[in-house]
Amino acid sequence: MNQRAALRWYGTGAATARTGDEMSGTALLLAGLAVTGSAATASTLLAALTVSAAVGGPVFGAILDRSARPGRLLAGALAGYASGLVIVLVTLGRVPVSVSVLVALCAGLLGPALSGGWTSQLPRLVPYERLPRANALDAMTFNGASLAGPALAGVVAGVVGAPAGVVVAVALICLALPSALALPTPRTPARKPAADLVTALATDVAAGFRAIVRIGPLARATTTSVVSCVGQGMLVACAPLLGSHVFGSPAHGALLLSGVAASALTANAVLSARPRPTRPDTVVAYGPLVIAAGLLLAATGHPVPVVAAVLLVGIGEGPQLTALFAIRHREAPERLRGQIFTTGASLKITGFALGAGLAGPLATLSLPGALLTAAGVQALATLWCVVDEASRRPRDG
């Protein structure tokens with residue numbers, strides 16, 4: 001398979017799997033509400049599916065780095081994630097809710113395979129000089145998935161029924177299996193199996209965290225993106241109230257988030273066409289400021305500034321993700337690449353969940369106050385990045 005065909009095959013699989021992943025959360029939320037009639041149960045299922053990624057990411061990444069056939073491992077993770085969703089759907093309303101929540105929790109452990117696990121394999125498909133454009137295209141699959149997934153879940157739920165949305169999400173994830181199996185094997189031999197695998201994996205996970213902390217550019221990019229994700233989680237939690245307050249319906253909040261994803265997708269498309277992209281460290285550092293400006297506009301509560309806010313937030317989020325991938329590929333040691341990507345994804349998911357949880361009570365008291373707080377968090381991400389780079393400069397350079 002030539003390089004262009006391999007990248008196209010990779011992109012198709014990544015886009016399909018990630019659309020199914022983005023769809024699965026919304027679909028499971030809708031299905032839980034439709035089957036049990038309880039918003040609390042539905043939100044608990046969604047929380048279980050996402051929160052376990054914080055644990056699953058580092059461990060799965062360590063296993064991925066030790067695998068001689070990472071494509072097979074990713075395919076197995078996709079199949080496991082899809083099977084978990086099916087079991088949750090089948091058990092809903094038929095067994096105690098705690099059983100369904102436990103299954104969702106176990107399935108969520110494999111979630112980082114669909115994000116960081118895929119992206120960690122990209123350098124095996126393209127030479128280093130083509131990696132910036134490949135990064136932008138890869139980030140576009142995230143943007144496209146975040147745009148299409150929730151919208152598709154809503155459409156399917158409205159036309160066929162909420163449980164059908166979970167079925168479609170599972171089908172999309174399974175369609176990515178051939179692409180995962182076609183991923184190339186590592187150029188360097190895989191590490192020999194350890195006599196004590198648990199100890200070996202614990203050692204690998206610790207080494208991955210040490211690399212993230214000690215490698216200056218990687219530490220800055222990781223921390224900045226996680227803090228920025230706290231602010232993004234706050235925006236998502238505020239979106240229904242913002243849609244209701246500004247445009248008369250909570251459903252318009254979902255349209256606002258789709259607009260952010262569309263703006264991010266467009267920004268990355270422009271970025272991928274540039275022959276000399278901006279230094280990724282600069283984009284990661286100042287992308288949160290662009291998002292902060294958008295959040296300040298959203299806090300005004302007027303239609304035109306809110307629409308402008310949607311465009312600005314997307315312009316900040318899209319290139320920031322591409323730049324983050326570029327820094328990880330550039331700085332991650334080869335033997336730790338998989339777990340650095342999956343650990344980074346886990347940390348971002350955790351930050352997002354923290355922001356969403358924080359924004360709920362704040363938005364209930366004051367929607368503008370919650371949005372202004374989110375803007376402050378984004379500004380803090382930039383401030384920390386700039387200060388840290390200045391303090392590390394003698395050591396990094």
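Side chains of L125 and W9 form no contact here, defined as non-hydrogen atoms less than 4.5 Å apart. Within the 4.5 Å cutoff, the side chain of R330 has heavy atoms near those of the D281 side chain. Within the 4.5 Å cutoff, the side chain of M23 has no heavy atoms near those of the P150 side chain. Side-chain contact between C385 and D388 is absent, with no heavy atoms from C-beta onward closer than 4.5 Å. Within the 4.5 Å cutoff, the side chain of Q320 has heavy atoms near those of the I291 side chain.
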* To do: Report the C-alpha distance between M234 and L295 in whole Å, list the side-chain angles of each, state the deciding distance to 0.1 Å, and finish with yes or no for side chain to side chain contact (heavy atoms under 4.5 Å, CB included).
  => CA-CA 10 Å; M234 295 182 72; L295 291 167; over 6 Å; no

* Test side chain to side chain contact (heavy atoms under 4.5 Å, CB included) applied to K348 and Q232, step by step -> CA-CA 10 Å; K348 288 185 65 178; Q232 291 169 25; 5.8 Å; no

* Verdict with reasoning, E331 to T222, per side chain to side chain contact (heavy atoms under 4.5 Å, CB included) -> CA-CA 12 Å; E331 302 291 340; T222 300; over 6 Å; no

* **V226 and T350: CA distance, side-chain angles, deciding distance, side chain to side chain contact (heavy atoms under 4.5 Å, CB included) verdict** => CA-CA 8 Å; V226 170; T350 303; over 6 Å; no

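Under the 3.5 Å distance criterion, with hydrogens and angles disregarded, no donor-acceptor pair is assigned to the side chains of S120 and R337. A donor and an acceptor atom, one from each side chain of S179 and T12, are nowhere located under 3.5 Å apart.
A side-chain donor-acceptor contact under 3.5 Å links T300 to the backbone of L297. Checked by atom type and distance alone, the side chain of T382 never pairs as donor or acceptor with a backbone atom of A379 at under 3.5 Å. Distance alone, capped at 3.5 Å, is enough to place a donor-acceptor pair between the S263 side chain and the L311 backbone. Panel note: side chain T223, backbone R220; no donor-acceptor pair is recorded below 3.5 Å. A donor-acceptor distance shorter than 3.5 angstrom exists from the side chain of T342 to the backbone of Q339, with no hydrogens or angles considered. Formation of a donor-acceptor pair under 3.5 Å by the S228 side chain with backbone atoms of T224 is not found in this model.
Using a cutoff of 4.0 Å between basic side-chain nitrogens and carboxylate oxygens, R279 and E389 are scored as salt-bridged.
The distance from the CG atom of L336 to the CD1 atom of I212 is 9.0 Å, given to the nearest 0.5 Å. Here L321 contributes atom CG and C229 contributes atom SG; the two are 9.0 Å apart, rounded to the nearest 0.5 Å. Taking OG1 from T322 and CG from N268, the interatomic distance works out to 3.0 Å, rounded to the nearest 0.5 Å. Of the inter-residue distances, the one linking S146 atom OG with R18 atom CZ reads 11.5 Å to the nearest 0.5 angstrom. With rounding to the nearest 0.5 Å, the separation of CG in L265 from CZ in F142 is 13.0 Å. In this structure, the separation between CE on M140 and OG1 on T266 is 8.0 Å, given to the nearest 0.5 Å.
The hydrophobic clustering, which links ILVMFWY residues whose side-chain heavy atoms are closer than 4.5 Å, places I173 and L181 apart. In the hydrophobic clustering of ILVMFWY residues, with side-chain heavy atoms under 4.5 Å counting as a link, V90 and L45 come out together. Residues V307 and L235 are members of one and the same hydrophobic cluster, defined by side-chain heavy-atom contacts under 4.5 angstrom among Ile, Leu, Val, Met, Phe, Trp and Tyr. Under a hydrophobic-cluster definition in which Ile, Leu, Val, Met, Phe, Trp and Tyr are linked whenever side-chain heavy atoms come within less than 4.5 Å, directly or via other members, V170 and L175 are assigned to different clusters. One hydrophobic cluster, built from ILVMFWY side chains closer than 4.5 Å, cannot hold both L92 and V95; they sit in different ones.
For an aromatic pair to be called close, the ring centres must be under 6.0 Å apart, and F60 with F341 fails this.
The shortest non-hydrogen separation linking V246 to G301 is CG2-O, 3.7 Å. The two residues P178 and C174 make their nearest non-hydrogen contact at CD-O, 4.0 Å. Nearest heavy-atom pair, A176 versus A17, reported as atom, atom and distance to 0.1 Å: CB-CB, 3.6 Å. Across every non-hydrogen atom of S52 and L105, the tightest pair is OG-O, 2.7 Å. Heavy atoms only, all atoms of each residue included: L172 and G20 are closest at CB-CA, 3.9 Å. When every heavy atom of A298 is checked against every heavy atom of L242, the shortest pair comes out as O-CD1, 3.9 Å.
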N/O donor-acceptor pairs under 3.5 Å from side chains in residues 355-372, not counting sequence neighbours:
{"residue": "T364", "atom": "OG1", "partner": "G360", "partner atom": "O", "Å": "2.9"}
{"residue": "S366", "atom": "OG", "partner": "G369", "partner atom": "N", "Å": "3.0"}

Using a 3.5 Å cut-off and no angle test, enumerate the donor-acceptor pairs between side-chain atoms of residues 70-89 and protein atoms at least two apart in sequence or in another chain.
{"residue": "Y81", "atom": "OH", "partner": "D21", "partner atom": "OD1", "Å": "2.9"}
{"residue": "Y81", "atom": "OH", "partner": "S24", "partner atom": "OG", "Å": "3.3"}
{"residue": "S83", "atom": "OG", "partner": "A79", "partner atom": "O", "Å": "2.8"}

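The aromatic rings of Y10 and W118 lie perpendicular to each other, with more than 60° between the two planes, well past the 30° mark.
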